[in-house]
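See below for the structure under consideration.
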Amino acid sequence: QVQLVESGGGSVQAGGSLKLSCAASGYYYFSTSCMGWFRQAPGKEREGVARIYPHGGDPYYADSVKGRFTISRNNYENTLYLQMNSLQPEDTAIYYCASDQDCSNNFAYWGQGTQVTVSS
């Protein structure tokens, strides 16, 4: 019954910004779950972008997005965010949010994805 729904994707020119949201429903343990953002570009394998612990400590970022992307969460509204700045064409991908209920690196629940397209 857990549902994750991403929103906020779109098309932007290089150097622009987007903020993605992931709304969780049917998930009463959101506030104790690790959450992550992943992406998959055309013809490429899925890769991890960022992860966040239940109360925001020790966030992880892929080297390719460090200093440009910020992951955050609002546990009162069960929502995960990804602020993306200084976007580049290589950031073009479908972005997915996912939930790891016990922070064991097992992301069992996934959203449907939202498309991000960055033009040069």
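Side chains are part of it too, since the values below use all heavy atoms of this structure and drop only hydrogens, waters and symmetry mates. Note that the coordinates shown come from a computational prediction; the quantities given were computed from them, not determined experimentally.
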Does any pair with a residue in residues 67-80 pass salt bridge (charged side-chain N to carboxylate O under 4.0 Å, His left out), and if so which ones, sequence neighbours excluded?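 For residues 67-80: R68-D91.
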Of all pairs that satisfy salt bridge (charged side-chain N to carboxylate O under 4.0 Å, His left out), the ones with a partner from residues 103-118, not counting sequence neighbours: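 Output for this query is empty, none listed.
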Are S104 and N106 close enough that a side-chain donor and a side-chain acceptor fall under 3.5 Å?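 The answer is no; no qualifying pair exists.
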Report the residues that fulfil side-chain hydrogen bond (donor to acceptor under 3.5 Å, both in side chains) with [X], sequence neighbours left out, ordered by chain and then residue number.
| X | value |
| --- | --- |
| Y61 | none |
| Q112 | E6 |
| S120 | none |
| S7 | none |

Using the rule that Ile, Leu, Val, Met, Phe, Trp and Tyr join whenever any side-chain heavy atoms are under 4.5 Å apart, tell me whether I94 and V116 fall into a single cluster.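 Unlinked, I94 and V116 end up in two clusters.
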Please report the interatomic distance [atom1]([X]) to [atom2]([Y]), rounded to the nearest 0.5 Å.
| X | Y | atom1 | atom2 | value |
| --- | --- | --- | --- | --- |
| T70 | K19 | OG1 | NZ | 9.5 Å |
| T114 | L20 | OG1 | CG | 6.0 Å |
| N78 | S25 | CG | OG | 9.0 Å |
| Y95 | F38 | OH | CZ | 13.0 Å |

Among pairs that include at least one residue of residues 54-89, which meet disulfide (SG to SG under 2.5 Å), considering only residues two or more places apart or in two chains?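 Applying disulfide (SG to SG under 2.5 Å) to every pair that reaches into residues 54-89, excluding sequence neighbours, yields nothing.
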Return each pair, listed once, that meets disulfide (SG to SG under 2.5 Å) where at least one residue sits in residues 65-97; pairs must be two or more places apart or across chains.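 Applying disulfide (SG to SG under 2.5 Å) to every pair that reaches into residues 65-97, excluding sequence neighbours, yields C22-C97.
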How about [X] and [Y]: do any of their side-chain heavy atoms sit closer than 4.5 Å?
| X | Y | value |
| --- | --- | --- |
| Q3 | Y109 | no |
| N105 | F107 | yes |
| L4 | S99 | yes |
| Q83 | F69 | no |

So I71 and Y81, side-chain contact (heavy atoms from CB on, under 4.5 Å) or not? Walk me through it. CA-CA 6 Å; I71 187 170; Y81 302 98; over 6 Å; no
If you link ILVMFWY side chains whenever their heavy atoms are less than 4.5 Å apart, which other residues fall into the same cluster as Y76? By chain and number, please.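 Answer for Y76: none, a lone residue.
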Test salt bridge (charged side-chain N to carboxylate O under 4.0 Å, His left out) applied to D58 - qualifying residues, sequence neighbours left out: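 For D58, no residue satisfies salt bridge (charged side-chain N to carboxylate O under 4.0 Å, His left out) once neighbours in sequence are set aside.
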Without swapping roles, check the side chain of Q88 against the backbone of S86 for a donor-acceptor pair under 3.5 Å.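 Yes.
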Hey, can you pull the donor-acceptor pairs under 3.5 Å for the side chains in residues 43-56, sequence neighbours left out?
residue, atom, partner, partner atom, Å
E47, OE2, R39, NE, 2.7
E47, OE2, R39, NH2, 3.2

Just distance, no hydrogens or angles: give the donor-acceptor pairs under 3.5 Å from side chains in residues 8-18, sequence neighbours left out.
residue, atom, partner, partner atom, Å
S17, OG, N85, OD1, 2.9

Fit a plane to each ring of W110 and Y96, take the angle between them on a 0 to 90° scale, and name the class: parallel (under 30°), tilted (30 to 60°) or perpendicular (over 60°).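 Aromatic pair W110/Y96 classed perpendicular.
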